[in-house]
Structures are given as structure tokens and as C-alpha cells.
Amino acid sequence: RGIPLTDGIDPLKVLATDADMAGWQNEGLPSDRISLENASVVTSCSRWPLMIDPQLQGVKWIKQRLGEDLTILQFTMNNWLKKVIACIQMGNQLLIEAVGQEIDAILEPVLSRAVIKRGRTAMI
């Protein structure tokens, strides 16, 4: 239908530079293509990424990359909701591990970014 298309475009090259990929590998990310593609999506996305990581390579990389700036929790922990709220209020980074097939409905406004503005304050 006449839609212009450039042949040979590599999505990985669009989302990340060679320097980015080398830096990720220095941070402990495996050098296979899938890991590099996933890292480029995680670092480029404007929403919260969902990682399915059965070998825990991505989680290890994120923990090493963010270090002390990362709050890690599981739904089986006590007061997990208070930790989520604190991370949102303070703008901290949060990693929720061992998520099952269903996510607690109380997180739906957070995951869907249901932000409302009241005056100058943004609220979820």
C-alpha cells in the first residue's frame, strides 16, 4: 500500500548503542541477544516492565545495576503494601519478585497509571 519501510532495521540498534550493551555486560548481564533485547526494552520503556525471568539472570542484573536504590519485595512479606506506597511516594525503584499468575487487585491503579491531579498534586 505504499507504506515506506526500511529493510535491515535492527530494533536492538535503535534502542541501545554498543556502549550501552557493553555497560550492561559489565554490570553482569549475559551477552546473548535475548538478554540484550530485554535490557534495551527495560531501560527504554516508559511504563513498568514485566520480566519473566526463570533463570533469574535479569533480576540479578537489575539488583547489581541499581544496588541500594532498589527496594525488593514479595507478596508473601509482611506489610508489602506499605512498602509499595512508600516507594511511590518517595519516587523509589521497586522490584516485586515471585509474582504468580494473578496480581493483587489493589495494584491495578498503579499498574495502569491511573493518575489523577488534585491541584498541583498527582495522586494514584
Side-chain angles (χ1 to χ4, degrees):
R1 294 186 184 205
I3 298 173
L5 175 67
T6 304
D7 291 330
I9 292 288
D10 183 7
L12 182 57
K13 297 292 183 188
V14 172
L15 294 175
T17 64
D18 290 335
D20 292 333
M21 291 184 269
W24 298 333
Q25 290 171 359
N26 286 338
E27 293 169 347
L29 187 72
S31 60
D32 63 287
R33 174 125 180 132
I34 298 294
S35 295
L36 292 171
E37 287 175 354
N38 289 337
S40 67
V41 169
V42 166
T43 57
S44 301
C45 68
S46 60
R47 291 201 177 246
W48 295 275
L50 171 65
M51 292 177 49
I52 300 172
D53 189 20
Q55 296 175 338
L56 303 177
Q57 293 174 333
V59 170
K60 179 183 169 192
W61 170 67
I62 287 178
K63 287 178 181 178
Q64 187 170 350
R65 178 180 172 88
L66 299 176
E68 298 291 322
D69 297 334
L70 181 65
T71 302
I72 302 168
L73 66 86
Q74 295 182 359
F75 291 131
T76 57
M77 296 171 67
N78 292 337
N79 298 322
W80 66 266
L81 185 56
K82 288 182 182 180
K83 291 180 182 179
V84 171
I85 291 169
C87 283
I88 291 171
Q89 289 175 340
M90 301 304 292
N92 295 340
Q93 298 178 9
L94 174 68
L95 174 68
I96 303 175
E97 293 183 315
V99 176
Q101 290 187 3
E102 295 183 16
I103 297 176
D104 198 313
I106 200 161
L107 291 177
E108 181 60 33
V110 175
L111 296 175
S112 65
R113 286 195 171 182
V115 177
I116 356 175
K117 286 203 171 194
R118 290 196 181 156
R120 294 181 181 178
T121 307
M123 304 178 79
I124 294 181

Trace of the side chain to side chain contact (heavy atoms under 4.5 Å, CB included) decision for I62 with L66: CA-CA 6 Å; I62 287 178; L66 299 176; 3.9 Å; yes
Can you tell me if S44 uses its side chain to pair, donor with acceptor, with the backbone of V41 under 3.5 Å? no
Just verifying a value: how many Å separate I72 CD1 and L94 CG, rounded to the nearest 0.5 Å? 9.5 Å
Roughly how far apart are M51 CE and N38 CG, rounded to 0.5 Å? 7.0 Å
Provide the closest heavy-atom pair for W24 versus A39 in the form atom of the first, atom of the second, distance. CE3-CB, 3.6 Å
Please list all pairs meeting ring pair (Phe, Tyr, Trp, His ring centres under 6.0 Å) that have one or both residues in residues 64-115, counting only residues at least two apart or in different chains. F75-W80
If the condition is side-chain contact (heavy atoms from CB on, under 4.5 Å), which residues does Q25 pass it with, not counting sequence neighbours? S31, L36
Can you tell me how far the CD atom of E97 sits from the CG atom of D53, to the nearest 0.5 Å? 10.0 Å
Could you give the distance from CZ (R65) to CD (Q93), rounded to the nearest 0.5 Å? 9.0 Å
Hey, any chance V42 and I96 share a hydrophobic cluster, counting ILVMFWY side chains that come within less than 4.5 Å of each other, even indirectly? no
Please step through side chain to side chain contact (heavy atoms under 4.5 Å, CB included) for the pair T17 and D20, ending with a clear verdict. CA-CA 5 Å; T17 64; D20 292 333; 3.2 Å; yes
For residues S35 and L29, report the shortest heavy-atom separation together with the two atoms involved. O-CD2, 3.6 Å
Can you find a heavy atom in the side chain of T71 that is under 4.5 Å from one in the side chain of L95? no
Atom CG of N79 and atom CG of L73: how far apart are they, to the nearest 0.5 Å? 11.0 Å
Linking I/L/V/M/F/W/Y whenever any side-chain heavy atoms sit under 4.5 Å apart, do I88 and I116 land together? no
Using a cut-off of 6.0 Å, state whether more than 12 heavy atoms not belonging to I9 lie near its atom CD1. yes
Shared hydrophobic cluster, V99 / I106 (ILVMFWY, side-chain heavy atoms < 4.5 Å): yes
Quick check: is I85 connected to V115 through a chain of hydrophobic side chains (ILVMFWY, heavy atoms under 4.5 Å apart)? yes
From N92 atom CG to K83 atom NZ, the distance as rounded to the nearest 0.5 Å: 13.0 Å
Side-chain heavy atoms nearer than 4.5 Å, only ILVMFWY residues, links allowed to pass through others: does that put L70 and M77 together? no
Whether D69 and K63 form a salt bridge (side-chain N of Lys/Arg under 4.0 Å from carboxylate O of Asp/Glu) is what I want to check. no
